[in-house]
Structure formats: C-alpha cells, structure tokens
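The chains referred to below are lettered A, B, ... by the order of the sequence lines, with proteins before strands, and numbering in each begins at 1. The model shown is predicted, which means the values in this text are computed figures rather than measured ones.
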2 protein chains.
Amino acid sequence: MTIKQLSYFLAVVDTGRFTQAAALCRVAQPTLSKQIRTLEEDLGETLLTRGHDNVTPTAAGEALLPLARRIVADSETARMEIAELAGLRRGRLRLGATPSLCVSVVADVLEVFHGRYPGIALQIAEGGSQDLVADLQRGQLDLALVIDRGETVRDLALTPVLREELVVVAARGRPDLGEHIGIVELAAHPLVVNREGYELREVTLAACAAAGVTPRIAVEGGEMDAVLRMVERGLGVAIVPSLVLAGHPTLRATRLDESGEHADRGWSHRTISLAHRTDVAPTRAAQAFREDLLSVLARTSRTGHLPPGVRYVHPPTLTA
Amino acid sequence: MTIKQLSYFLAVVDTGRFTQAAALCRVAQPTLSKQIRTLEEDLGETLLTRGHDNVTPTAAGEALLPLARRIVADSETARMEIAELAGLRRGRLRLGATPSLCVSVVADVLEVFHGRYPGIALQIAEGGSQDLVADLQRGQLDLALVIDRGETVRDLALTPVLREELVVVAARGRPDLGEHIGIVELAAHPLVVNREGYELREVTLAACAAAGVTPRIAVEGGEMDAVLRMVERGLGVAIVPSLVLAGHPTLRATRLDESGEHADRGWSHRTISLAHRTDVAPTRAAQAFREDLLSVLARTSRTGHLPPGVRYVHPPTLTA
DNA sequence: GGGATGGCATAGCTTCGAGCTATGGCGATG
DNA sequence: CATCGCCATAGCTCGAAGCTATGCCATCCC
C-alpha cells in the first residue's frame, strides 16, 4: 500500500471513471488501472466494481475511503508543515525568463512548484536576457533564466540548464525555404526582428554583419509573440528559438546552416542558464524552485518530452 | 513520500539508531539510510541530526513526527478494517505440517500472516503426512502441507509448492560417509527411523527392501527431533529431509545415490503440497494463508534464501 | 444492424529505485 | 593504540511503475 495508490483510488472514486482519474493524476490510464489492481491484491479484496459506464466502490472500498482520504490529506499536510518551517508557506518568488521559455518549460515547472508551495506568490518577468540580467543585479528578481554567452557577469552565478537551437520561421503558405538555409540566402527575404533588449536581435544582426550582408528589415520592434504573428501574416521571416514553435502550427521552421563551423558551437545554438546573485543569499523559495526546475527538466529530458531543438544540459555534478 | 519511508523514519526516531531501526524494519541498514535520505530530499529538509552515538529529529523532523505516526497507523487500520469485512479480524486457522517444514518455512509464513491478521488464532498440528491427511478429511484441519506421492486422495486437492531432497545424516565425529552413498552401503550402518505415521519411515524401509538389503535398525520410533538427537549422539544414521539440517550444525549430510535412475524423480526427492478439502468451501483465513504462503515462498525462492536441497515449485498458473 | 465511440484491460517494453553485500571513515571506548 | 560500533558510500540486481499500442466490450447513433 502506497500513498500514491491511495490517491489513485480516491481519484477513481471521485470521478467514477478510470480514464478521467488517470487524467486527473497525470498518468496513463493503464498505469492507474494496474496500480489499483496492485492495491486490491495487496489488501486481498476488490475495492471497485467495474461497470461498463460507471465505477463504484465495493464494501471494502467504502471502508477504505475515509482512511485513504485522511492518509492522503495527512501526507499533504506534512509537506505543508515542513514547508512552513522552512519559510516556504508564505513568501515570494520573482522569476525572470525569456519569452520562449515562459510558454513552455517555465509553465511546467511552475505548475509543480505551485502545487508544492501554494503559499508562495509568483511574479514572472518576461523579457530579453539583458533586461533580466539588469533586473537581477538591481535586486528586482530572485532568479532568472537567461541566455548564457559564456561571459561572466558581475555578481551573478550562471548554471547551464538547456541548450536550444535557433531556426528561421516562415508562414506555411510562403515560398519554401527548404531544410537548411545559410545566412546569405536568408538576407534575400524580408526580416522581422525584435525590439532592442533581445539577445536574438543582436545575434541576428551580428550574423548578417559577419557574413557581409545587409538584411532587409520588414518590421522592427515588438515582443516575441508580436514577431511571430507578423511572420504568420507573411510580413517576413524571423530567426527565433525553436522552442516558440509549439503552439504555432502555421509556422514552418528551417534550420540554419553555419558553413565551415561546428554548428552546435556557433551562434545558431545557445545556452540557457539559471542565474542568481552571488552577493546575497538566495531565498529558501529560490532554492526550492531551483531544485524543482532541475528535477522537472531532467525528467522531461529522460522521457523525451522536450520540444524539438532543445537539449537538457546535465548539471556538472551529474555529468562528472 | 511513501508510507514505508515514514515507517522507517519512525523506527529511527524511536530507536535513536539507524542500525537498530533497520533491524526493526527487517531491512539492511544502508537501505534504511538511503530511504531516509530520499525522504529528506523529497521534503527538501533534513529530518534527523546524525550524532556519532545518537540520532535526534530536527525541527522539521519533529513537525513530521505526529503526522507520520498517524499515516502509518491509518494504513494499518485500513488493512484491519478491510480484513474485518472479509472475516479476517476474528477467526481460526488450523494448519498441519510435517516437522521438517514447521521449523523452517512455516515459521516464516506464519510470521507474515500473523502480522497481517493478528486476530486469527493459529493452531498448528505437527505430524506425519498420513496423520495430517486423515485430520484434513475429518475436518480437523483447514490446510496442511503434506508429502505428495502423486496419488489422488479422496476429497482433497493438492497444490505442489516445494520439492525437497532426502539425505543421510550422521554425527560429525563419526566415520565420513563421503559425498554420496548408495542404499546398499547405507545398510552397513545402524539406522535410526521415525515412528509409524511418517512417510519417511515407509520410504526408508521400502528403499531397503527394493535393494534387497535388510537394514540394521538401531532405534525405532519417535518424532523428527528425537531422531536427530539420537543421530547427533552417534546412535546411528538416518534418512531425513535436508530441510531439518538448519539448526543442527553438528550433523553432516550425505546425498543419496539412486543408481541407474533419474535421481530427481526417484524416492530421494519428494514433493510438498498444500492440501485442502474439496467438499467444503475453504475459509477466508485459509485462502489468505494460501496467498501468503505462495508469495513468501516465491520471494524466498527468488532471493535464494531457501535452505539447500529445497526447490520452489511454481504454481501452474505462473509456469504456463 | 453496423460502424463509431468511449472505457477498461492486456501485452510488451523501458527505466527508476528499493533492496542487497561489501567496504570505508570516524568517534568512542577499553 | 587497537577495537568496536555506527553510519555513509559504492556497485549491483531485479521488481515494479511508468509508458505506448492494442484488444475487447458495451453503448450510441445513423
């Protein structure tokens, strides 16, 4: 008998459906079915009568119900009590992240974090890396996920966590750019670039300059979402992290050619690091978030659920 | 967080020692240490301060303590409640077994069974297989572990569970019988045999008769333990199941040669079966014991903790 | 009536972790 | 100073919890 099995059991009783219960517990339906069966075998009694369109507890199930509820509630209470002692019952976490991360990874992690520490108020600052770094240094953020160009930043410690790929996006209806495209050919198309403050903007312009081409800028300025919408309307193409493609099915990605170089080390890939100040001790909430972030990323990476073009960077303690 | 981890935690707090707690929980000490550590990582706080000669809970540990106690207690209560519904709270189990099994396998299973269903009164009948079969048929036993010679017995169903080997035992100081011995050479030594009612006695005498030799019987009669003691005192040698050797370090075993035959199929090996009546429905307690027996045997067999000379016979549903 | 749909069970596989043994470090103790 | 008791670490095995894919059986709807 495990607490997890009991919570699965409660979910089935409450929803009256294995399928819905599985969704509620965020596991696959066969997983939940098997766990319930294991619980039944452990206790030596069937707990649920499986009807074709409803599931109801048996007498043994009814007997188990109140105790299961109390056990599950107690386990959550225990977590809360300890969190409270650690200062995680009340508190605030100010997190900065780039737009590409906010819509994907950050949302997942925050869901876990908030489930664990519902009393922590969450403040998300979405913005370009340079802005986020400045906010960190001014003490307006506790943690930030920023682009790590390998430079040391005053008073900040950076821990690499993800490596993402930049791609060229174009609307689906537009002329096809093929599988790969070089920076020179790219200059033939009108470009949409972010406002200042985005690393992306600097990288794009620097790459053009390095290749000796002058980009034709169709639209300039705006946040990530705005850029994507303009690309969708066919105003031009843009260089964006492949992460943002999720949720934009009408966009088509083309990988960037960096001829003559190790593409993986060049400007078409970049490292996302978790940054925090070194001159002040991190809050307990920030520590907890960091742990949750790493464990969620490790898990997502293992199960192959990371978006295409993104790789998890194992923390040095694990790769060593 | 699992219930098991919490019970480990409680054991450590109550004993003040990891080592003692591990013994209490019947697990190895590193296993317990690691589980506690896992629990601490899960909760994000250390729960115990490890002193060199004492272990005390931290503030977080103190906070967890009452809830952990309640969770563990509730899980046991839940088991009890369901057992009560199933009629396993009060009741009686009358179990018969051969002496060789009583001192080994049966004790292990009964420990598990009694831990689960403390309200079931246990009555053990120790005796020869023929007596046990008769007791079963007369309704004086619910279950019995008997020797299965492959014959069908009226009103009884037999499920093979173990296959054990017969060996010749002699006192350590006596002349060495070597690694193997045939029945003819054996007849040169004075023999100690059980009283009537033991399959063992019949098998021994029948084997001698089949080989055309007349055994020299030094002592006749008595239960298994008495026979072993006489052998230990050097009164003679005896043919016994290898199971009974555990706990008698002064005895030396010699395997039996059955020349010209598949030894494994001959009289030097025998099958232990679980027997119950077919003309009356088994009690709920008997069903539960049967399940516990099979699972304990399967587990013991897997972990290689079966005594030498004994093999687990997989139930047909699992081998098929 | 016959497909479509929803719902649970089964099969086969992968991976994590709970268990073990063996060993190391480190105070306390004689 | 050597020994002992106690906990941690390392390395391993294997059970089981998770997944996907598929099957079976009802019900529902055309």
Side-chain donor-acceptor pair present, B:Thr49, B:Thr56, cut-off under 3.5 Å: yes
Below 3.5 Å between N/O atoms, which protein atoms pair up with nucleotides 28-30 of chain C? Just atom names and distances, please.
residue, atom, partner, partner atom, Å
C:dA28, OP1, B:His52, NE2, 2.5

Rounded to whole Å, the CZ-P distance (A:Arg17 to C:dG7) equals 5 Å
With a 3.5 Å cut-off and no angle check, do the side chains of A:Thr159 and A:Ser273 form a donor-acceptor pair?
-> no
Axis-to-axis angle for the helix from C:dG1-D:dC30 to C:dG30-D:dC1, ends of five pairs each, to 10°, equals 20°
Compute whether any side-chain donor of one residue and acceptor of the other, for A:Thr250 and A:Arg172, lie under 3.5 angstrom apart. no
**Item:** C:dC8 phosphate, OP1 or OP2, under 4.0 Å from A:Ser33 side-chain N/O
**Value:** no
Per-nt protein contacts along nucleotides 16-26 of chain C (heavy atom under 4.0 Å; B base, S backbone sugar-phosphate only, - none) come out as S-BBBBB----
By salt bridge (Lys or Arg N to Asp or Glu O under 4.0 Å), B:Asp292 pairs with (sequence neighbours left out) B:Arg116
- Using 4.0 Å as the upper bound for N to carboxylate O, is an ion pair formed by B:Arg69 and B:Asp14? yes
### Task
Determine whether the side chains of B:Gln29 and B:Ser33 contain a donor N or O and an acceptor N or O closer than 3.5 Å.
yes
- Please indicate whether B:Arg299 has more than 12 foreign heavy atoms, meaning atoms of other residues, nucleotides or ligands, lying under 6.0 Å from its CZ. no
The salt bridge (Lys or Arg N to Asp or Glu O under 4.0 Å) partners of B:Glu165 (sequence neighbours excluded) come to B:Arg255
note: A:Ile36, atom CD1; D:dA17, atom C1'; distance rounded to Å ~ 14 Å
query: For the side chain of A:Asp74 and the backbone of B:Leu67, is there at least one donor-acceptor N/O pair under 3.5 Å apart?
result: no
Requested in this report: Compute whether any side-chain donor of one residue and acceptor of the other, for A:Asp148 and A:Thr271, lie under 3.5 angstrom apart.
Outcome: no
A:Arg50 vs C:dG7: side-chain N/O to OP1/OP2 distance below 4.0 Å | no
When rounded to whole Å, the CG to P distance for the pair A:Asn54 and D:dC25 reads 19 Å
Taken in chain and number order and not counting sequence neighbours, the residues that satisfy salt bridge (Lys or Arg N to Asp or Glu O under 4.0 Å) with B:Glu41 are none
Rounded to whole Å, the CZ-P distance (B:Arg37 to D:dC7) equals 13 Å
